[in-house]
There are 2 protein chains.
Amino acid sequence: MYQPTATEENYLKTIYHLSNTGIKSVNTSSIATSMETTAASVTDMLRKLSDKEWINYEKYKGVKITRKGEKVALGIIRKHRLWEVFLTNILDFEWDEVHHMAEELEHVSSEELIKRLDTFLGHPKFDPHGDPIPDQTGKMESHDKFNLSAGEAGEKYIITGVTDHSTLFLKHLRKYGLLPGVTVSIAEIMDYDKSMLVKVNKDKFHLSLEVSKNILIKKYVSSK
Amino acid sequence: MYQPTATEENYLKTIYHLSNTGIKSVNTSSIATSMETTAASVTDMLRKLSDKEWINYEKYKGVKITRKGEKVALGIIRKHRLWEVFLTNILDFEWDEVHHMAEELEHVSSEELIKRLDTFLGHPKFDPHGDPIPDQTGKMESHDKFNLSAGEAGEKYIITGVTDHSTLFLKHLRKYGLLPGVTVSIAEIMDYDKSMLVKVNKDKFHLSLEVSKNILIKKYVSSK
DNA sequence: TACTATTTTTAGATTTGTCTAAATTTAATA
DNA sequence: TATTAAATTTAGACAAATCTAAAAATAGTA
């Protein structure tokens, strides 16, 4: 059993995300784009990851993550999301400020540290962006999320997360108070551009399709 | 102004410690011993650190840390010690368990993070081992510590720190409840081997010179 | 199917930090 | 002071992660 380097951990995390959230097959160039590196660098790394049995890789045939690799990826994702909870809930950072710090903290190796951090935080199930936190065995909740852009006029929803994690987008949402847990009702959907008029608490405002496509929601149910 | 790598930070930290606590001049081999590496590697690194003006270095003449280098070193020491406080006070680790984790956490770059951690912890002045925590400008407390081995029979002292930070030693002290802040009175000092009989709370036990030499104390003053 | 266009891989370099072994410099001692 | 001993530096090599440019394989299309 090998100990992954921080770089290997980052590759596995990216491959895991592309496998699960992306539509296209996980190929060299999609990894290169995600990681802001070159295809040549990715090819080099894929051979290493394959040697260590974290992925199945055949030249020109793309990549499939193995059980072992998934376990590594989920471990990193767990650390990342727990540190994000720590940074927002304990150190009072805003949800759009924590990503970069968590990217560094996730590579701190101690398993015992993360176990105690989890306990200290009260075993949170979701991070500040609404993404589920895997437990020690890799299991996590997954309520059937869908996009706000698929919501219907007159209906009430609860925000559960986002699909765009960029600082720019998160800051934009923060300005409107559009955070996970918040209730939104769709007042009207414009035929012309699919933009929508939404109500949050007493406020009413306009959201472009660009924005609503990147907000995840679930149906509002009054009794919990 | 350069951004130091984690490795450069570790070298500067070691050079700072050797400059301030060690007796001998800071030469290549003492750095190599401290860092468990070879003299050749140290020489390579000294040239890099010198290029970046963190040390003054002349071939064969040893090393002197510059103001700039000292600032970097104190920044790392500040982070290390604040994380140690976090790990013991918040996550309930024992004082002999935190060093390795803090060595990783100290390289997390965000200054804002450490500033907020400091606030969250209540601006502690000392870490769990009794070592002073530098503030943002690099200043720190330094009460005139001396070794328990220099204490006198019949006198009462307060433990303020240790000079040996090894897990083995810290675990040993923990067994006896010999932690910073604890009051110790010396009942008797043996002429033969300079070992001492000490009283801590209701317990009485024997400490070898080897042990007492590595415990730092200050005089006990009843009113605060 | 044949020919582009795209994607992917290889070849060869570079940077950081490390090593061993050899050469050089400084220190110690007869 | 001459010579041995110890410390230090250089030379050359290696592993990890990266890059550019060129070659090879796959996909798309006339």
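Lettering of chains follows the sequences in order, A, B, ..., and the numbering in each one begins at 1.
Residues satisfying the side-chain hydrogen bond (donor to acceptor under 3.5 Å, both in side chains) criterion with A/Thr160, sequence neighbours excluded, are absent altogether. For B/Glu70, the salt bridge (Lys or Arg N to Asp or Glu O under 4.0 Å) criterion is met by no residue, not counting sequence neighbours. For B/Ser208, the side-chain contact (heavy atoms from CB on, under 4.5 Å) test picks out B/Glu210, B/Val211, with sequence neighbours left out. With sequence neighbours excluded, the residues that form a side-chain hydrogen bond (donor to acceptor under 3.5 Å, both in side chains) with A/Asp164 are A/Ser166. Residues forming a side-chain hydrogen bond (donor to acceptor under 3.5 Å, both in side chains) with B/His165 (at least two apart in sequence, or on another chain): B/Asp131. B/Ser34 pairs by the side-chain hydrogen bond (donor to acceptor under 3.5 Å, both in side chains) definition with nothing, not counting sequence neighbours. Here B/Glu106 pairs with B/Lys13 under the salt bridge (Lys or Arg N to Asp or Glu O under 4.0 Å) rule; sequence neighbours left out.
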Report summary line: Whether each nucleotide of nucleotides 14-24 of chain D has a protein heavy atom under 4.0 Å at its base (B), only at its sugar-phosphate (S) or at neither (-) is summarised, 5' to 3', as --SBBBB----
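Counting to the nearest Å, the P atom of D/dT9 and the CG atom of B/Leu46 are 7 Å from each other. Note: CG (A/Asn27) to P (D/dA27) measures 11 Å, nearest angstrom.
Side-chain atoms of A/Ser41 do not come within 3.5 Å of backbone N or O of A/Thr37 as any donor-acceptor pair.
As judged by a 4.0 angstrom heavy-atom cut-off over every strand, B/Thr28 is placed among residues touching the sugar-phosphate backbone only.
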Expected list for residues 43-57 of chain A: side-chain donor-acceptor pairs under 3.5 angstrom, two or more places apart:
unit_1, atom_1, unit_2, atom_2, d
A/Thr43, OG1, A/Ala39, O, 3.1
A/Lys52, NZ, A/Glu8, OE2, 2.7
A/Glu53, OE1, A/Lys68, NZ, 3.1

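Nucleotides of DNA chain C lying under 4.0 Å from heavy atoms of chain A occupy a range whose first and last members, 5' to 3', are C/dT8 to C/dT10.
A heavy atom lying under 4.0 Å from DNA chain C marks none of the residues of residues 102-110 of chain A.
Residue pairs that meet the ring pair (Phe, Tyr, Trp, His ring centres under 6.0 Å) test with at least one member in residues 107-128 of chain B, sequence neighbours left out, are B/Phe126-B/His143.
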